[in-house]
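Working notes, structure below.
Computed from a predicted model, the values in this text were never measured in an experiment. Below, each value reflects all heavy atoms present in this structure, side chains not excepted, and no hydrogens, waters or symmetry copies.
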Amino acid sequence: SLGAKMKATPVASAGIHHHRGRHRKNGGTVVAAAAASSSAARSNSDISPATTTSSSVPLIPITTLQRWNLEQLEAHVKQLRDAKQSVPQSVALLLADTRRKEEKRHAKRLANRKSACTSRARKKALIEEMTKENAKLRRQALILSYLPDPVVVIS
């Protein structure tokens, strides 16, 4: 919302960091505001002191966050919430996307397990059928081996 306070968090080095779904490069401080256009109208007195203390969670570049697994992202968001910091929109979107991918991966694993189970059942049935057919043919071959060879006389 436009009424949100700006938050300034010092970072170890200048670089590209996450900022509401966009990348912003600046001199070592990342500013997260509700709307970039309204940030110019705000003064330094609007900066929240709770986010500039040593208890604040360091801001991590979005490129690093994109390599994290679901557990790491959830732990980071929990840290932010425990420190009473807002979760940047880019991090929230990344977490939602990672959760969706994990759910799809889990559903795919379940479908694969079910498919493998039916495949094993089909294979077992086929082997049983072939075993029965093989036993039947062996009995027929044994019976035929006991019969005398037919002799055909052509005159």
Side-chain angles (χ1 to χ4, degrees), residues 1-2 4-26 28-36 48 50-51 53-155:
S1 75
L2 293 175
K5 292 189 175 196
M6 290 176 37
K7 293 181 178 116
T9 306
V11 215
S13 64
I16 298 175
H17 304 279
H18 62 270
H19 170 73
R20 299 244 181 232
R22 299 183 301 277
H23 297 287
R24 173 175 287 182
K25 187 171 185 171
N26 54 30
T29 301
V30 176
V31 178
S48 172
T51 58
T53 63
S54 62
S55 67
S56 67
V57 177
L59 200 55
I60 299 169
I62 192 71
T63 53
T64 302
L65 292 172
Q66 288 171 338
R67 290 189 297 266
W68 284 8
N69 63 28
L70 182 60
E71 288 179 6
Q72 291 171 312
L73 285 171
E74 285 176 337
H76 180 63
V77 168
K78 185 179 183 314
Q79 277 184 331
L80 287 171
R81 288 186 178 139
D82 289 347
K84 301 210 179 343
Q85 289 181 293
S86 64
V87 178
Q89 185 180 15
S90 59
V91 175
L93 290 172
L94 183 61
L95 179 61
D97 188 47
T98 306
R99 281 184 179 145
R100 182 186 55 78
K101 286 179 182 177
E102 187 63 32
E103 287 170 3
K104 283 179 77 174
R105 196 176 295 125
H106 181 68
K108 194 171 185 176
R109 282 188 194 127
L110 286 177
N112 188 41
R113 244 183 244 134
K114 184 178 179 182
S115 174
C117 184
T118 56
S119 176
R120 285 190 296 271
R122 274 195 319 268
K123 181 179 177 181
K124 184 178 179 181
L126 183 62
I127 288 174
E128 286 175 4
E129 182 184 333
M130 292 172 83
T131 303
K132 287 179 184 177
E133 182 70 21
N134 192 6
K136 178 183 165 187
L137 290 173
R138 285 179 184 271
R139 278 193 306 274
Q140 287 177 354
L142 184 63
I143 291 170
L144 290 175
S145 71
Y146 289 138
L147 293 176
D149 291 334
V151 178
V152 178
V153 178
I154 302 174
S155 52

Please list every donor-acceptor pair under 3.5 Å in which a side-chain atom of residues 104-122 meets a protein atom from a residue at least two apart or in another chain.
| from | atom 1 | to | atom 2 | distance (Å) |
| --- | --- | --- | --- | --- |
| Arg105 | NH1 | Glu102 | OE1 | 2.6 |
| Thr118 | OG1 | Lys114 | O | 3.4 |
| Thr118 | OG1 | Ser115 | O | 2.8 |

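- In Arg100, the CZ atom is crowded: over 12 heavy atoms of neighbouring residues, nucleotides or ligands sit closer than 6.0 Å.
- With sequence neighbours left out, Asp149 forms a side-chain hydrogen bond (donor to acceptor under 3.5 Å, both in side chains) with no residue at all.
- For Arg139, the side chain to side chain contact (heavy atoms under 4.5 Å, CB included) test picks out Ala135, Lys136, with sequence neighbours left out.
- Contact detail for Pro88 and Leu80: the closest heavy-atom pair is CD-CD1, 4.0 Å.
- Applying the side chain to side chain contact (heavy atoms under 4.5 Å, CB included) rule to Leu142 yields the partners Ser145, Tyr146; only residues at least two apart in sequence or on another chain are considered.
- Legend: residues meeting side chain to side chain contact (heavy atoms under 4.5 Å, CB included) with Glu74, ordered by chain and number and at least two apart, are Leu70, Leu95, Arg99.
- To the nearest 0.5 Å, the span separating NE2 on His76 from CG on Leu65 amounts to 5.0 Å.
- Remark: Thr98 OG1 to Trp68 CH2 distance equals 11.5 Å, nearest 0.5 Å.
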Review item, side-chain donor-acceptor pairs of residues 124-133, under 3.5 Å, at least two apart:
| from | atom 1 | to | atom 2 | distance (Å) |
| --- | --- | --- | --- | --- |
| Thr131 | OG1 | Ile127 | O | 2.7 |

